[in-house]
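Structure record follows, encoded as structure tokens.
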2 protein chains.
Amino acid sequence: MFRTNLDNIVFFVKYIEKLRNSGLRPTKQRLRICQVLFNTQKTFHFTINDLVKKIKKQINNNISLATVYNTVRAFEKKGYLKQISINSSETYFDTNISNHHHFYDLKEEKLIDLKNSDVGPINIKKKINGKKIKSVEVLVKLED
Amino acid sequence: MFRTNLDNIVFFVKYIEKLRNSGLRPTKQRLRICQVLFNTQKTFHFTINDLVKKIKKQINNNISLATVYNTVRAFEKKGYLKQISINSSETYFDTNISNHHHFYDLKEEKLIDLKNSDVGPINIKKKINGKKIKSVEVLVKLED
DNA sequence: TGTCTAGTTTATAATGATTCTAAAAAGGTG
DNA sequence: CACCTTTTTAGAATCATTATAAACTAGACA
Ligand SMILES: [Mn+2]
Ligand SMILES: [Mn+2]
Ligand SMILES: [Zn+2]
Ligand SMILES: [Zn+2]
């Protein structure tokens with residue numbers, strides 16, 4: 001159960017198209033970041049520093065910090081990543097872009113996905129004039 | 001319907017006791033901050049900068065920025081303030097320490113309280129081994 | 001009321017995540 | 001290749017927050 005070379009080619013071709021269709025040039029750096037973020041079975045949560053570490057581990061070549069920031073912001077704007085509202089010194093991002101909620105383990109400083117069935121539907125009854133709901137996020141903080 | 005001098009005396013005596021009972025000395029600076037935060041009819045949301053502005057407006061004398069940070073952190077630790085999990089350049093605090101949820105107006109960068117009846121009970125079905133739930137916060141982001 | 005000590009305030013420096021800058025490099029069209 | 005635009009990059013700048021360490025003060029006790 002390992003990825004063949006063909007799988008990788010398919011992945012890159014797919015993401016070259018995806019970036020082009022978003023108006024983003026498929027640069028070497030962006031495709032490497034796509035590989036780290038999206039060429040996985042499972043989705044995950046990360047900070048910029050986590051991502052930089054992953055890039056360093058998986059790829060011998062380096063990407064400048066400014067580019068990592070620029071790329072993550074661009075991907076977030078295009079909807080390929082979600083930013084998670086949480087008070088932490090570092091901003092968290094999520095490769096799981098579906099509507100879902102989170103546990104936040106305060107001690108470990110780690111996010112854990114909640115399935116929607118773990119929370120149940122949230123029905124916001126109040127309306128604010130001229131405003132519409134963009135997102136509804138539940139954050140459950142955990143302590144020992 | 002204005003506060004009498006006696007009301008103010010009652011307020012200060014109450015907060016001197018409250019601070020002492022928390023192991024915090026009732027200093028001039030802390031009592032001034034209590035006045036700005038808690039001597040009001042309505043609860044509110046604020047950032048450190050909001051608070052500094054309020055202090056400057058309501059009180060001719062000044063309090064150093066470090067003391068404002070220290071005091072807010074101390075009050076938060078003692079449970080007199082709540083920190084709100086939100087991704088913003090500045091940390092938000094809430095003088096409403098009851099369990100409640102929020103709208104966040106992305107354009108205005110303003111928090112609005114939701115009544116619990118506006119959201120309904122949130123029942124978290126998932127459990128994490130050895131961890132207990134500290135808080136459950138719903139954040140509803142609003143756009144135009 | 002004065003002395004003592006731990007707690008507090010303060011100005012200022014340090015930290016650290018994020019954004020900005022502007023020059024060099026690379027993508028892509030013809 | 002030629003050209004233009006976008007992107008990358010190293011380094012500087014920004015800005016909220018925290019640390020430092022010296023001066024000050026609350027409160028206990030003589
Ligand atoms: Mn991290
Ligand atoms: Mn503000
Ligand atoms: Zn998630
Ligand atoms: Zn609130």
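Any value given below was found using the heavy atoms of this structure, including those in side chains, with hydrogens, waters and symmetry copies removed. Every chain is numbered from 1, with letters handed out A, B, ... down the list of sequences.
Pairs engaging residues 12-21 of chain A under the salt bridge (charged side-chain N to carboxylate O under 4.0 Å, His left out) rule: A/E17-A/R20 [sequence neighbours left out]. For residues 68-78 of chain B, no pair satisfies salt bridge (charged side-chain N to carboxylate O under 4.0 Å, His left out), with sequence neighbours left out.
The nearest pair of heavy atoms linking B/D118 to B/L114 is CB-CD2, 3.8 Å.
Residues meeting the ring-ring contact (aromatic ring centres under 6.0 Å, His included) test with B/Y69, sequence neighbours left out: none. A/F12 pairs by the ring-ring contact (aromatic ring centres under 6.0 Å, His included) definition with nothing, not counting sequence neighbours. Listed by chain and residue number, B/Q29, B/I63, B/S64, B/T71 satisfy the side-chain contact (heavy atoms from CB on, under 4.5 Å) test with B/T67 (two or more places apart in sequence, or in another chain). Partners of B/T91 by side-chain contact (heavy atoms from CB on, under 4.5 Å), not counting sequence neighbours, listed by chain and number: A/N87, B/Q83, B/F93. Remark: B/S98 pairs with B/N96, B/H100 by the side-chain contact (heavy atoms from CB on, under 4.5 Å) rule, at least two apart or across chains.
Rounded to whole Å, the distance from CD on A/E90 to C1' on C/dG16 is 9 Å. Here the P atom of nucleotide C/dT21 and the OH atom of A/Y69 are 17 Å apart, to the nearest Å. If you take CG of B/L19 and P of C/dT9, they are 10 Å apart, rounded to a whole angstrom.
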Anything under 3.5 Å between a protein N or O and an N or O of nucleotides 10-14 of chain C, put it in a table, one pair a line.
| unit_1 | atom_1 | unit_2 | atom_2 | d |
| --- | --- | --- | --- | --- |
| C/dT10 | OP1 | B/Q29 | NE2 | 3.2 |
| C/dT10 | OP2 | B/S64 | N | 3.1 |
| C/dT10 | OP2 | B/T67 | OG1 | 3.0 |

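Regarding contacts with the backbone of C/dA17, every side-chain N or O of A/T47 stays at 4.0 angstrom or more from both OP1 and OP2.
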Using atom types as modelled, flag every donor-acceptor pair under 3.5 Å from a side chain in residues 124-134 of chain B to any protein atom, sequence neighbours excluded.
| unit_1 | atom_1 | unit_2 | atom_2 | d |
| --- | --- | --- | --- | --- |
| B/K131 | NZ | A/D105 | OD1 | 3.4 |
| B/K131 | NZ | A/D105 | OD2 | 3.2 |
| B/K131 | NZ | A/D144 | OD1 | 2.7 |

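Two end axes, each from the C1' atoms of five base pairs, can be drawn for the helix from C/dT1-D/dA30 to C/dG30-D/dC1; they diverge by 30°, to 10 degrees.
Atoms OH and SG, on A/Y80 and A/C34 in that order, are 8.5 Å from each other to the nearest 0.5 Å. Note that CG of A/L31 is 13.5 Å distant from CZ of A/R25, once rounded to the nearest 0.5 Å.
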* Base versus backbone protein contacts along nucleotides 23-30 of chain C [heavy-atom cut-off under 4.0 Å; B, S, -] -> ---BBS--
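Taking a 6.0 Å sphere around CG of B/N99, one finds it holds 12 or fewer heavy atoms contributed by other residues, nucleotides or ligands.
With ring centers used as reference points, B/F38 lies under 6.0 Å from B/Y15.
Take the nearest nucleotide of DNA chain D for B/I16 and for B/S89: the residue whose nucleotide is more 5' is B/S89.
A 4.0 Å heavy-atom criterion places the boundary nucleotides of DNA chain D facing chain A at D/dT5 to D/dA10, written 5' to 3'.
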